[in-house]
Amino acid sequence: MSQTTTSTAVASTKPGALTTSQGHTTIADTVVSKIAGIAAREVTGVHNLGGGASRAIGALRERIPGATTNHAQGISVEVGEKQAAVDINLIAEYGVSIADLAAGVRRNVIASVERMTGLEVTEVNIEVADVFIPSEDDGDDEPAKPARVQ
């Protein structure tokens with residue numbers, strides 16, 4: 001007696017599956033960029049995202065009445081049908097271990113993107129562009145000095 005087995009390809013119906021028998025879901029690059037940007041900012045030790053030019057443009061944007069924060073600043077992504085790759089440009093706070101910071105950012109970004117989108121994150125590349133030293137700030141942490149002349 002011979003047994004014959006047939007297999008049929010069935011689309012995944014687990015929660016978060018992007019292709020099911022009921023339809024196909026496409027996620028825009030900007031969605032993944034925003035998720036990754038918010039997740040990266042949540043990690044202690046990340047001062048800001050983006051290089052000098054993108055931070056300057058972001059500062060100008062925030063001064064415009066009614067403007068919103070660009071959560072994708074310093075983030076670039078490639079999104080496919082099932083996978084995503086993320087590149088992050090960040091400013092680290094002085095005194096933080098950059099290796100530990102990168103590991104924490106990578107872990108948080110991967111978890112957030114995979115949980116929210118269902119995409120597999122293949123890589124998260126991190127570029128630390130600068131180190132923030134509080135004394136180099138524009139004086140937000142220090143009280144205003146009195147005017148020298150009246």
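Note that these values count all heavy atoms, side chains included, but never hydrogens, waters or copies made by symmetry. Just so you know, residue 1 is the first one in the sequence shown, and it goes up from there.
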A.B. asks: Ignoring hydrogens, what is the shortest heavy-atom contact between Thr122 and Ala85? Give both atom names and the distance.
C.D. replies: OG1-CB, 3.8 Å

A.B. asks: Have Asn125 and Glu127 got a donor and an acceptor in their side chains that come within less than 3.5 Å?
C.D. replies: no

A.B. asks: If hydrophobic clusters are built by linking Ile, Leu, Val, Met, Phe, Trp and Tyr wherever their side-chain heavy atoms come under 4.5 Å apart, do Met116 and Val43 end up in the same one?
C.D. replies: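 Same cluster: Met116 reaches Val43 through Ile, Leu, Val, Met, Phe, Trp or Tyr contacts under 4.5 Å.
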
A.B. asks: In chain order, what residues pass the side-chain hydrogen bond (donor to acceptor under 3.5 Å, both in side chains) check against Glu93, with sequence neighbours excluded?
C.D. replies: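 Expected list: none.
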
A.B. asks: Under 3.5 Å, sequence neighbours excluded: what are the donor-acceptor pairs made by side chains of residues 104-111?
C.D. replies:
| from | atom 1 | to | atom 2 | distance (Å) |
| --- | --- | --- | --- | --- |
| Arg106 | NE | Val124 | O | 2.9 |
| Arg106 | NH2 | Val124 | O | 3.2 |
| Asn108 | ND2 | Ala39 | O | 2.7 |
| Asn108 | ND2 | Glu42 | OE1 | 3.1 |

A.B. asks: Do Glu78 and Glu123 come close enough that some side-chain heavy atom pair is under 4.5 Å?
C.D. replies: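 SC-SC contact between Glu78 and Glu123 ruled out.
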
A.B. asks: Is it the case that one hydrophobic cluster holds both Ile38 and Ile91, taking links as side-chain heavy atoms less than 4.5 Å apart, direct or via other members?
C.D. replies: no

A.B. asks: Considering non-hydrogen atoms only, spot the tightest contact between Glu114 and Val121 and give its length.
C.D. replies: OE2-N, 3.0 Å

A.B. asks: Is Val32 close to Leu119 at the side-chain level, that is, under 4.5 Å between some pair of heavy atoms?
C.D. replies: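 Yes, side chains in contact.
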
A.B. asks: Quick one: do Leu90 and Ile126 satisfy side chain to side chain contact (heavy atoms under 4.5 Å, CB included)? Show the steps, please.
C.D. replies: CA-CA 7 Å; Leu90 63 82; Ile126 299 171; 3.7 Å; yes

A.B. asks: For the residue pair Val131 and Tyr94, what are the closest heavy atoms and their distance?
C.D. replies: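 Smallest interatomic distance, heavy atoms only, reads CG1-CA, 3.5 Å.
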
A.B. asks: Does Glu81 have more than 12 heavy atoms from other residues, nucleotides or ligands lying within 6.0 Å of its CD?
C.D. replies: no

A.B. asks: Side-chain contact test, heavy atoms from C-beta onward, threshold under 4.5 Å: evaluate it for His47 versus Asp130 and give yes or no.
C.D. replies: no

A.B. asks: Any heavy-atom pair between the side chains of Ile75 and Val77 that's under 4.5 Å?
C.D. replies: yes

A.B. asks: Under a 4.5 Å cut-off applied to non-hydrogen side-chain atoms, are Leu49 and Asn89 in contact?
C.D. replies: no

A.B. asks: So which atom in Ala92 and which in Leu101 form the shortest heavy-atom distance, rounded to 0.1 Å?
C.D. replies: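 Smallest heavy-atom distance, with atoms named: CB-CD2, 3.5 Å.
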
A.B. asks: In chain order, what residues pass the side-chain hydrogen bond (donor to acceptor under 3.5 Å, both in side chains) check against Gln83, with sequence neighbours excluded?
C.D. replies: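 Partners of Gln83 by the side-chain hydrogen bond (donor to acceptor under 3.5 Å, both in side chains) criterion, ordered by chain and then number, come out as Glu120.
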
A.B. asks: At their closest point, which heavy atom of Ala40 faces which heavy atom of Ile88, and how far apart are they?
C.D. replies: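 So the minimum-distance heavy-atom pair works out to CB-CD1, 4.4 Å.
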
